[in-house]
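The figures that follow rest on heavy atoms only: side chains count, while hydrogens, waters and symmetry mates do not. Each ligand, and each atom within it, is numbered from 1 in the order the structure gives.
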Amino acid sequence: MAKQGVNEEISDSELLEVDLEAFTAESLDVGNSQSSSMQGCSLGRNDTGSEGDIGSGNVVSLDGSVEASCSTQKPLLCGSSDLMVPLKRKRNVANKNPMQHFHLRHLRVTDVSHQSWCELQVVHGFEKPDVRKTINDDPVVLAGSSVHLARELEEHDVVSVSTESREDHWAVKFLNVLTGLTMLKESGRVRELPVFGQVEGIFLVGVIDELHYSPKGELTLSELKTRLRKSLPTAAQRRTHDLQAGIYKLLFDRMVQGKLESETFVQRLQLRLDKQLAPGVCDHAQAVGFHVCTFSDALELLLLNLTHMDTPNIDNLKIEYVHQSTGAPLGIKEVQFSEPRLLAELHYLLSYWTGQREPQGVDIEDSWKCGWCVFTEHCEWRKASVKNTEQSVWNKRRR
Ligand code: SF4
């Protein structure tokens, strides 16, 4: 099983947690031509929207068209009626939707769940990758990542695998899924399991922190969140965690139900079926008990096994909060899952990416989130909101 790109492998959940604590957007995690691998059951965290045979810091210029029909449910305004803030410019320029504009083939689950915190923060992260990238080097992020890695190492060793192409990257991810599910079946627990699939015409990619069977035999998803403070997060923070866990369940259940389709990988991710895999990937596959030569072999292996492994759906979702510096447990929160409610939320959130509406900043009552946001000085929504608030106060004084 393999982890892609050690330097980029900061846990998506870790990034999300830090984002929420520091009110900053998670780092842009662009592709790297070299990937690394972990043995046992270590799985890819390089679940970027733009990955491929390109150098770090660049984005891929190839993308699939994304079509979807979705009504805009929120107005292009922010705040209460006397504090409406129109966006100054439209982001869907030149008839390109955001997936095309940002050259994205897929989205990370954390990007989508972070939209429920502040959608504009996610968008600014893609618009200002340099600002976003600085968060990767934040000691808080690195410390949180270490906690995740330490837990992962409790389950398995880590090795590196060299990859040369996007097909290699995905083949390693597939192998991670297969070895992870085997480990789950044999030992009852797996950590860092990749999940992926298409929702509303958008391909989503994420990594589940942990899956295990409870004493009652129920399959339980457990997401680990490290906290700077010795307290549980606010309701607003927990909403993004719950959404993240819900999306993971949706993707996982669909995968083990055999709902992944090979055309999606070709059409959405533009992967080449006949691409020869790098020697390092073939060797790694052999080491974990599989024989693959091309990307098509790896994809077929994945799809075939997913339909025959008889893995159950996830029964329970839990978020485990621990204090970052001491590792002290802060509490475990159960997540209530409703598929219709989740699909409705995703319908709205993903409609931005398919170009059906403009991005939204925070509502006036949530403007406290802007206080620590790294994009404040770039944010038109924030500036317009402040201006409108000042105008409103001025108007009230004159009455
Ligand atoms: Fe969102 Fe506020 Fe940051 Fe703008 S400044 S991106 S509205 S949190």
J.: In terms of atom number and element, which parts of ligand 1 are under 4.0 angstrom from non-hydrogen atoms of V362?
T.: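 Answer for ligand 1: 7 (S).
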J.: Check whether any N, O or S atom of C373 sits under 2.8 Å from atom 3 (Fe) of ligand 1.
T.: yes
J.: Please name the pair of heavy atoms, one in S116 and one in T240, separated by the smallest distance, quoted to 0.1 Å.
T.: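 Closest approach of S116 to T240: OG-CG2, 3.1 Å.
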J.: Among K225, H241, R227, exactly one meets side-chain hydrogen bond (donor to acceptor under 3.5 Å, both in side chains) together with Y321. Which residue is that?
T.: H241
J.: How about C370: does one of its N, O or S atoms come closer than 2.8 Å to atom 1 (Fe) of ligand 1?
T.: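 For C370, the answer is no, given that no N, O or S atom comes within less than 2.8 Å of atom 1 (Fe) of ligand 1.
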J.: Classify the angle between the aromatic ring planes of F196 and F174 as parallel (below 30°), tilted (30 to 60°) or perpendicular (above 60°).
T.: tilted
J.: Check whether Y348 forms a cation-pi arrangement with R357 (NZ or CZ under 6.0 Å from the six-membered ring centre, at most 45° off the ring normal).
T.: yes
J.: Of all the atoms in ligand 1, which lie at a distance below 4.0 Å from a heavy atom belonging to R382?
T.: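 So the answer, numbered in order with elements, is 5 (S).
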J.: State the atoms of ligand 1, each with its element, that fall below the 4.0 Å cut-off from a heavy-atom position in C379.
T.: 4 (Fe), 5 (S), 6 (S), 7 (S)
J.: Which ligand 1 atoms are under 4.0 Å away from a heavy-atom of H124?
T.: 6 (S)
J.: When you look at Q244 and Y248, which way does the side-chain hydrogen bond (donor to acceptor under 3.5 Å, both in side chains) test go after all the steps?
T.: CA-CA 6 Å; Q244 182 186 1; Y248 286 159; 3.0 Å; yes
